[in-house]
Number of protein chains: 2
Amino acid sequence: MPPILAPLCAVFRRYLKSASLRYTGERADVLATVMEADGLFDADSLLMDMHNAGKEVSKATVYRTLRLLQDAGIVTPFMLLDAKVTHYQLVYGRDPCDYMVCVQTGELVPLQCDEVVMLRERLALEHGWTTVGHRFVIYGTSPQAASAASRDLSSQ
Amino acid sequence: MPPILAPLCAVFRRYLKSASLRYTGERADVLATVMEADGLFDADSLLMDMHNAGKEVSKATVYRTLRLLQDAGIVTPFMLLDAKVTHYQLVYGRDPCDYMVCVQTGELVPLQCDEVVMLRERLALEHGWTTVGHRFVIYGTSPQAASAASRDLSSQ
DNA sequence: GTCGGTGCAAATGCTTTGCATTGAT
DNA sequence: ATCAATGCAAAGCATTTGCACCGAC
């Protein structure tokens, strides 16, 4: 069990208590699966992961719990280019939350880059804002996709 | 008429021709309204803008044309935090495409910052990727929202 | 025991699509 | 004249919600 698991669970329980909501087995299961999803997922993949782990929860509960996790500041919604469904990202206690996405293969590379946060803070300060987060996604072509494309070309 | 109008229209026509598609009055109206929307909009607001300008187009055509504009590289879809609908952003020939969004008021501030592009290119290069674009959004609280909040507190 | 939670199925609402008609080339 | 575009209404589909039963506190 990674060391982050206990604190995150505590954060969620604290939030639920503050809102007079209950910490149920289903909510615990969803949170645990979110943490194992390693950052980025959608409602459906989460539901499948839970099913594969033998944790059966209804779709409605997944959506309801994702909303709570969002309110608790644990995840944020996230829309990939061309995706039709909302993706979620685990943000609490996590750096980085930046990604590079391949527009051809869908490949996703997390980026570790403090400069994004620094840039964000500097820009916000210049306008007198205070920040609560940011989203930085680079769209591009991965080396694999590029070489696959050139293979396709030369084989014609 | 801003100087960008003619070129953008030409870009669209070129794209349509290359795909054996037709440049119709409806598509011209949609593009013109997109350009006047000054960057960020959704399908519904676009439809209203067109109605207010006396340009009647069906909702289906708006969606279909937005898809074409996306394929032509003129706009990209864009999901604001908590928004339920897809927003679109005019990207062709436009810098900046970065924003700061107030999570309380929805206020939107476009950011002019070359460093984002530089950072993007450097990160992509480090991984051997080539980029086609990026998305950078800062979520925060604007000075107005912050002062409104403190007023609310002191009046209680 | 009291509310809040859950699952189910139905509803919602954005977006897409089938089809007959219209229009650009 | 051809073949794509349009408008309309219906369909799709992710997400939300109403309700009866269940479970955390």
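A, B, ... follow the sequence lines: proteins, then strands. Residue 1 opens every chain.
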Indicate the ring-plane relationship of A:Tyr88 and A:Phe41, choosing parallel, tilted or perpendicular according to the 30° and 60° boundaries.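 If you compare the ring of A:Tyr88 with that of A:Phe41, the planes turn out parallel.
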
Rounded to the nearest angstrom, tell me the gap between atom [atom1] in [X] and atom [atom2] in [N].
X       : N      : atom1 : atom2 : result
B:Arg13 : D:dA5  : CZ    : C1'   : 15 Å
A:Tyr88 : D:dA14 : OH    : C1'   : 10 Å
B:Lys17 : D:dA4  : NZ    : P     : 16 Å
A:Lys59 : C:dC8  : NZ    : C1'   : 13 Å
B:Glu26 : D:dA4  : CD    : P     : 17 Å
B:Leu16 : D:dA5  : CG    : P     : 8 Å
B:Glu56 : D:dG7  : CD    : P     : 10 Å
A:Leu66 : C:dT6  : CG    : P     : 12 Å

[N] OP1/OP2 closer than 4.0 Å to side-chain N/O of [X]:
X       : N      : answer
B:Arg22 : D:dC3  : no
A:Ser20 : C:dC3  : no
A:Arg67 : D:dT16 : yes

Between [options], which one does the side chain of [X] approach most closely?
X       : options                : result
A:Arg64 : D:dA14, C:dG18, C:dT6  : C:dT6
A:Thr24 : C:dG5, D:dA14, C:dG7   : C:dG5
B:Ala60 : C:dT6, D:dC8, C:dC14   : D:dC8
B:Tyr23 : C:dT15, C:dT25, D:dT15 : C:dT25
B:Val57 : D:dT15, D:dG7, C:dT6   : D:dG7
B:Tyr63 : C:dC14, D:dT15, C:dG7  : C:dC14

DNA chain C: B:Asp44 or B:Gly25, which has the more 5' nearest nucleotide?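 Checking each residue's closest nucleotide, the 5'-ward one belongs to B:Asp44.
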
Ranking B:Leu21 and A:Thr61 by the position along DNA chain C of their nearest nucleotide, the one closer to 5' is A:Thr61

Distance check, rounded to the nearest 0.5 Å: A:Ile138 atom CD1 versus B:Arg120 atom CZ? 7.5 Å

Can you find a heavy atom in the side chain of B:Tyr139 that is under 4.5 Å from one in the side chain of B:Val137?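 Yes, close enough: below the 4.5 Å cut-off.
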
SB check B:Arg64 B:Glu26 (cutoff 4.0 Å):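 No, this pair does not count.
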
Transitive ILVMFWY side-chain link A:Leu16 to A:Tyr63, under 4.5 Å: no

